[in-house]
Amino acid sequence: MLAPTALAFVGDAVHTLYIRCKTVECGYGQYTLHQKTSKYVNAKAQAAVFDALIERNVFTDAELEIARRAKNAHLHSRAKAASPADYHKATAFESVIGYHELTGNGARRDELLSLAIKVFDETQQRKEDEQ
């Protein structure tokens with residue numbers, strides 16, 4: 001079994017690539033591509049998605065164990081614009097994605113990534129409606 005930080009390392013890359021591909025599919029211009037992508041690919045957004053997926057009981061027991069190990073792992077780096085708690089939650093989310101990538105479970109990986117976008121968009125829409 002790989003270390004949680006190794007799973008998160010792969011999961012971060014997979015998540016970023018997935019979001020970038022979805023952004024390109026939407027036909028945004030060159031400048032907008034980075035703006036749209038960075039809205040989803042940051043520790044604070046990933047932590048919010050992780051919390052929402054936990055709240056909705058989306059994760060299996062095995063995924064929860066991977067997330068728990070990752071969330072409690074000793075991390076050697078820190079996010080610049082996120083709290084330590086958010087950074088640990090983002091690492092947990094990325095670890096689950098990395099696990100599915102490395103075990104060849106692309107269907108579940110894509111299901112979680114698609115749901116993550118949906119959940120994040122819903123959260124953002126609620127925030128905008130409240131303002």
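A quick note: this is a predicted structure, and the numbers were derived from the prediction, not measured.
Counting only residues at least two apart or on different chains, the salt bridge (charged side-chain N to carboxylate O under 4.0 Å, His left out) pairs with a member in residues 24-44 are Lys22-Glu25. The side-chain hydrogen bond (donor to acceptor under 3.5 Å, both in side chains) contacts involving residues 106-116 comprise Glu63-Arg108, Glu101-Arg109, Arg108-Glu111, where partners must be two or more places apart or lie in separate chains. Every pair passing ring-ring contact (aromatic ring centres under 6.0 Å, His included) that includes a residue from residues 99-121 is listed here, sequence neighbours excluded: Tyr40-Phe120. Among residue pairs with one or both ends in residues 12-21, those qualifying as side-chain hydrogen bond (donor to acceptor under 3.5 Å, both in side chains) are His15-Gln46; sequence neighbours excluded. Screening residues 46-62 for salt bridge (charged side-chain N to carboxylate O under 4.0 Å, His left out), with sequence neighbours left out, gives Asp51-Lys89, Arg56-Glu122. Residue pairs that meet the ring-ring contact (aromatic ring centres under 6.0 Å, His included) test with at least one member in residues 46-65, sequence neighbours left out, are Phe50-Phe59.
Using a 4.5 Å cut-off between side-chain heavy atoms of Ile, Leu, Val, Met, Phe, Trp and Tyr, with links allowed through other members, Leu17 and Val41 fall into different hydrophobic clusters.
Thr5 and Ala73 make their closest contact through CG2-CB, 4.4 Å (heavy atoms, listed as atom of the first residue, atom of the second, distance). Minimum interatomic distance between Pro4 and Ala70 (heavy atoms only, all atoms of both residues): CB-CA, 3.4 Å. What you find for Asn42 and Ser38 is that their closest heavy atoms are ND2-O, 2.9 Å.
Residues Thr123 and Val49 form no side-chain contact, since every pair of their non-hydrogen atoms from C-beta on lies 4.5 Å or further apart.
In this structure, CG on Asn105 lies 10.5 Å from CD1 on Ile97, to the nearest 0.5 angstrom. One finds the CD1 atom of Ile54 at 5.0 Å from the CG atom of Leu64 (value rounded to the nearest 0.5 Å).
Listed by chain and number, the residues in a side-chain contact (heavy atoms from CB on, under 4.5 Å) with Leu2 are Ala6, Leu7, Leu102 (sequence neighbours excluded).
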